[in-house]
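Everything on this sheet refers to the single structure shown next.
So you know, we letter chains A, B, ... as the sequences are listed, proteins then strands, and number each from 1. What you see is a predicted model; the values in this text were computed from it and never measured.
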Protein chains: 2
Amino acid sequence: MSGKKSSLTVADVARAAKVSKATAARVLGGYGIASETARKAVLEAAETLGYQPNDLARSMSTGRSGLVGVIVGDIENAFFSQAVRGISDRLRAADLNLIISNSSERLSEEIEMVSVLLRQRVAGLIVAPTDARRVDHLKAAVASGTPVVTLDRRSPDLEVDAVCGDDRGSVAQVLHRLHEEGHRRVAYVTAMMTADGRLGKLEDIGISAVRERISSFLAQMRDTGVETPADLVFTGASDDGSTADIVTRILAQSPSITAILASDSLIGARIFRELSDRGLSLPQDMSLVSWFDADWTRVTSPRISVVDQPTYQFGQKAAERLISRLKGDDSPAQTFVVATPLVERGTIGAPKGRGPVEIPD
Amino acid sequence: MSGKKSSLTVADVARAAKVSKATAARVLGGYGIASETARKAVLEAAETLGYQPNDLARSMSTGRSGLVGVIVGDIENAFFSQAVRGISDRLRAADLNLIISNSSERLSEEIEMVSVLLRQRVAGLIVAPTDARRVDHLKAAVASGTPVVTLDRRSPDLEVDAVCGDDRGSVAQVLHRLHEEGHRRVAYVTAMMTADGRLGKLEDIGISAVRERISSFLAQMRDTGVETPADLVFTGASDDGSTADIVTRILAQSPSITAILASDSLIGARIFRELSDRGLSLPQDMSLVSWFDADWTRVTSPRISVVDQPTYQFGQKAAERLISRLKGDDSPAQTFVVATPLVERGTIGAPKGRGPVEIPD
DNA sequence: TTGTATGCGTTATCAG
DNA sequence: CTGATAACGCATACAA
């Protein structure tokens, strides 16, 4: 097979069917009108020749491309890959395809990918914006006529549909439940980096979902009598080492901190491992709630209590909104909040007044 | 913003820069030759106008599209999403983009997706073929000049590069290790469906990786004295219920079966849960080895021994081969076998002669 | 070095 | 209903 790239065109089919190019194009493209006889002839010729339409050329002509660009933080993360599956399933039903890219949660890459996708003339964009304050590239996309829907996050500067979890509400629910159980000081652990490892100004948190949760966390903690709730927010849990350090710091505050909230399931897993490795048992020595109902949360003993983020649904809804925009819906931009309920399993329990824990160094 | 899709063209830039369309195209496209003055004028005009090249049109002209199609069984599965990340990273470095689809491990969908991607005139295809015996659509793609690389699987009917794990070898290694430990009868559990729930002819197994492993499994078991090793292969573990049934059947053969091999990490997790729920402790009551080093295998107690399939590397290698083919490499098709070593953690132990286990019904 | 003219495979317009 | 023919935006052979 000499691998020539020259496929057949409507002209070839037309010739074989003994009709004009225009007629062949009409029946093959499924538009306009053609007589039964012509239609049969063309279809038959196309069949025997093995004609494959060229969607590139079609898009060029029509200006529409059947491609939707998706930009996520990390496709390896089940949080996103599940969302992508939701997007993919909905899109397919609308005869749209999905071109996907990773931003690695870096603004520069996100900007680059938007540019690439725009050059490909995607019909629309679904993005989990890395930084809510830096969305000019997305605004430009919208301005030039490419609809955008944001996933899991939103930006006040962006008037587009957004599909988010109920970040504030779920934090409130979890903390309320924990308070009820007797917990007074709870730690919030996030992968987000800050310059000095301490929580800075809330406005400086780029990922809106994270900001919402921390904001809600601080408010709730303050309401229940904690004077400096910012001290309970631990940032930079981006790998095993930093997470181990954080766990050490949390345990050093023992016994005052009696519960931990993990901002995503990767962090949750690392914290759980650290805790087990140090011989602590859950929930007696420490309560733990992780965001995202990941696979691993069901094989531990006890199973992990989680804030269930149904990201497959996030994805479905986002795709749905985009499709609707593509069809011409020009109602005002809207934010869709998907419920993210606390699923209580085995890691929420009453705190026990325990003495200082032995910390290996 | 009234959302008009009409972006600027080279012609607009040319006009603004007071040069011909061809000159503008040359500097914007980065080919051919242009004087410094012309180049500066064009670039400046493009900048101020906000020109964005149209990759669709470019692809039409050149015949090349910067898109690579990827078809996996299920993007939600970490096995594949990790591979996709590997593909994505390598592709990006070569200025290629990734358009992704799910086959849901169904041949009909795979065929459909290949067709869709071919219509989009993708530069190449990376596919995890669902059925090694039904690859005409892939052969056709190759014949028409679109290079194909298969991922994790291969087909004897397909003369294309393939990147696979060492399926036979890893089975041998695991069984050898288990035998050494004293295990004589080992169960192999797979999601693959068979008509009657029993293992049929090996040739009827569509997914090559699965076939290789089972084939190796049967050979090894027979070698070590098991007369009817097919009885040790349990198929159809596709959800919680069916997996529970299988575990029941395995335990019913107790105490002769003393170890279980899980063909993928989803099955592994389900089996682990079943075993724990029934109060068995690993590895005393049962040894367990799962394919794929998934997150969950590190949070259990004990941690799960796994056959580590580095699918990120699978993906990287596959993308690498495709890029190479795209660059014109026409050496004979080759299969690249990536090592998939046994990572021993806590679930391999000596079998204990135990009495019948209580099985709840 | 630059410009002119033509082609890529469709869709779409407008007479026949 | 059908058939020429002109776009679409870019690349490129060839002429200047």
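A/Leu28 places its CG atom 16 Å from the C1' atom of D/dG3, with the value rounded to the nearest Å. Rounded to an integer number of Å, the gap from A/Glu36 CD to D/dC1 P is 10 Å. Taking atom CG of residue B/Asn54 and atom P of nucleotide D/dC10, one finds them 5 Å apart after rounding to whole Å. Atom CG in B/Asp12 sits about 10 Å away from atom C1' in D/dG9, given to the nearest Å.
Between B/Ser20 and C/dG3, a side-chain N or O to OP1/OP2 separation shorter than 4.0 Å is present. Side-chain N/O atoms of A/Thr23 include one lying less than 4.0 angstrom from OP1 or OP2 on D/dG3. One finds no side-chain N or O of B/Tyr31 lying less than 4.0 angstrom from the OP1 or OP2 phosphate oxygen of D/dA13. Dashed line: the shortest gap from a side-chain N or O of A/Thr62 to OP1 or OP2 of C/dA12 is not under 4.0 Å.
Evaluation of atom-type donor-acceptor distances gives a pair under 3.5 Å for the side chain of A/Arg26 against the base of D/dG3. Counting atom types as modelled, B/Ser61 pairs a side-chain N or O with a base atom of D/dG9 as donor and acceptor under 3.5 Å.
Among C/dT2, D/dC10, C/dC8, the nucleotide with an atom closest to any side-chain atom of B/Met60 is C/dC8.
Side chains of B/Glu109 and B/Ser103: a donor-acceptor N/O pair is absent below 3.5 angstrom, by distance only. Checked by atom type, the side-chain pair A/Ser331/A/Asp329 shows a donor-acceptor distance below 3.5 Å.
Counting non-hydrogen atoms under 4.0 angstrom, A/Ala11 reaches nothing in the nucleic acid. Note on A/Ala34: only backbone sugar-phosphate atoms sit closer than 4.0 angstrom, heavy atoms only; bases stay farther off.
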